[in-house]
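Structure, as structure tokens:
Residue numbering restarts at 1 for every chain, and letters A, B, ... go by the order of the sequence lines. Since this is a predicted model, take the numbers as computed values, not measurements. The analysis underlying the following values was restricted to heavy atoms, covering all of them including side chains, and did not include hydrogens, waters or symmetry mates.
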There are 2 protein chains.
Amino acid sequence: MKKTIFVFSALIVSLLVLFKISTYSYTSGNSRIELVISGIAILFFGIGWYINRRSASKKNIEPEVINLDKLDDLGISKREYEVLVQIAKGLSNKEIGDTLHLSESTVKTHVSNLLVKLDAKRRTQALQRAKELNIIAI
Amino acid sequence: MKKTIFVFSALIVSLLVLFKISTYSYTSGNSRIELVISGIAILFFGIGWYINRRSASKKNIEPEVINLDKLDDLGISKREYEVLVQIAKGLSNKEIGDTLHLSESTVKTHVSNLLVKLDAKRRTQALQRAKELNIIAI
DNA sequence: GAGACCTTCATACTAAAGTACCAATTTGAT
DNA sequence: ATCAAATTGGTACTTTAGTATGAAGGTCTC
């Protein structure tokens, strides 16, 4: 985010400089006008490239957009979802409890509820279902 | 993020307009030059956008190719891999035995070997590792 | 404020999963 | 043909996972 602002600010500044040069060349003859035009062309080519790359890379990180609306449909609560994410990371109930500051007992409760809501018998099946429903990252 | 890009783009456009107005006052006769410059700018912006989009979409066509060569590196046998695939489907050891016509005991042996070879403590962690290594489908 | 959830945790239990051995075939390569 | 690895299966055991049930505090809505 900060980087984006920085890059755009730099672009604006360079634009300012380019236009300043262009206005100079008006008064002192049209000798450098081609240079200015090509500079602007390169600059905007870069801008177009950059903007598209940003939006494209975002799409690549999460090709299937995580559908958080489905969580409501399935009745999965916020905390339960957090547990689900940790399951996907391959953690045990004990480890999930440590990372989320919960007792193993509480994690078991959340997992049990998740299994019912995802219509699964095991946590591995829950992961499979969650992937089908696009509610967790691949 | 998109909003930020939009705002900055709008800023650049307004800058363009401002400079156009300012240069009008300098040389009220040569209004064609600015038109040409801004036209070129827009054109190259579009070109940059388009080219990047082409290269980005090419990458998307083959997002994650399953790397079966890594199976050799990890020493995972054919049968073990078949078990791994069934684990990814969310099946239990008993169910895997039924689908592959094996005893649960044999499945357990394969799973245990898989866990060692994938450096995992649980089958869920094995799935996570296998996904990282691109040896199973997403 | 009563009811409906969510969150947290506990106990006690059953069911899987996983480990550590061992052992008999089968397959593949040298 | 021989040797190593793969495949299959077993027993006995420990560890997780999952179920059932209860309970208490918090939040939000009607």
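Between A/His110 and C/dT8 there is a side-chain N or O to OP1 or OP2 distance below 4.0 Å.
Along DNA chain D, read 5' to 3', the first and last nucleotides having any atom under 4.0 Å from a heavy atom of chain A are D/dA17 to D/dT19.
Counted by atom type alone, A/Asn113 and A/Arg79 present zero donor-acceptor pairs between their side chains at under 3.5 Å.
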Once base and sugar-phosphate atoms are separated, protein heavy atoms under 4.0 Å mark nucleotides 10-30 of chain C, 5' to 3', with B, S and - as BB-----BBB-----------
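Contact of the A/Lys121 side chain with the A/Leu115 side chain is not registered, since no non-hydrogen atoms from C-beta on lie closer than 4.5 Å. A/Leu100 is not listed as a side-chain neighbour of A/Thr106, based on a closest heavy-atom distance of 4.5 Å or more. Between B/Tyr81 and B/Leu114 there is no side-chain heavy-atom pair separated by less than 4.5 Å.
Checked against side chain to side chain donor-acceptor pair (under 3.5 Å), B/Glu104 has no partners two or more places apart in sequence or in another chain. Partners of B/Ser112 by side-chain contact (heavy atoms from CB on, under 4.5 Å), not counting sequence neighbours: none found. For A/Thr99, the side-chain contact (heavy atoms from CB on, under 4.5 Å) criterion is met by A/Gln86, A/Leu91, not counting sequence neighbours.
To the nearest 0.5 angstrom, B/Asp69 atom CG is 11.0 Å from B/Leu74 atom CG.
Put simply, the side chain of A/Lys117 gets close to the backbone of A/Gly75: a donor and an acceptor are under 3.5 Å apart.
In summary, A/Glu95 and A/Lys89 do not engage in a salt bridge, as defined by a charged side-chain N under 4.0 Å from a carboxylate O.
The NE2-C1' distance, from A/His101 to C/dT7, rounds to 16 Å in whole Å.
Axis orientation changes by 60° from one end of the helix from C/dG1-D/dC30 to C/dT30-D/dA1 to the other, with each end axis drawn from 5 pairs and the value rounded to 10°.
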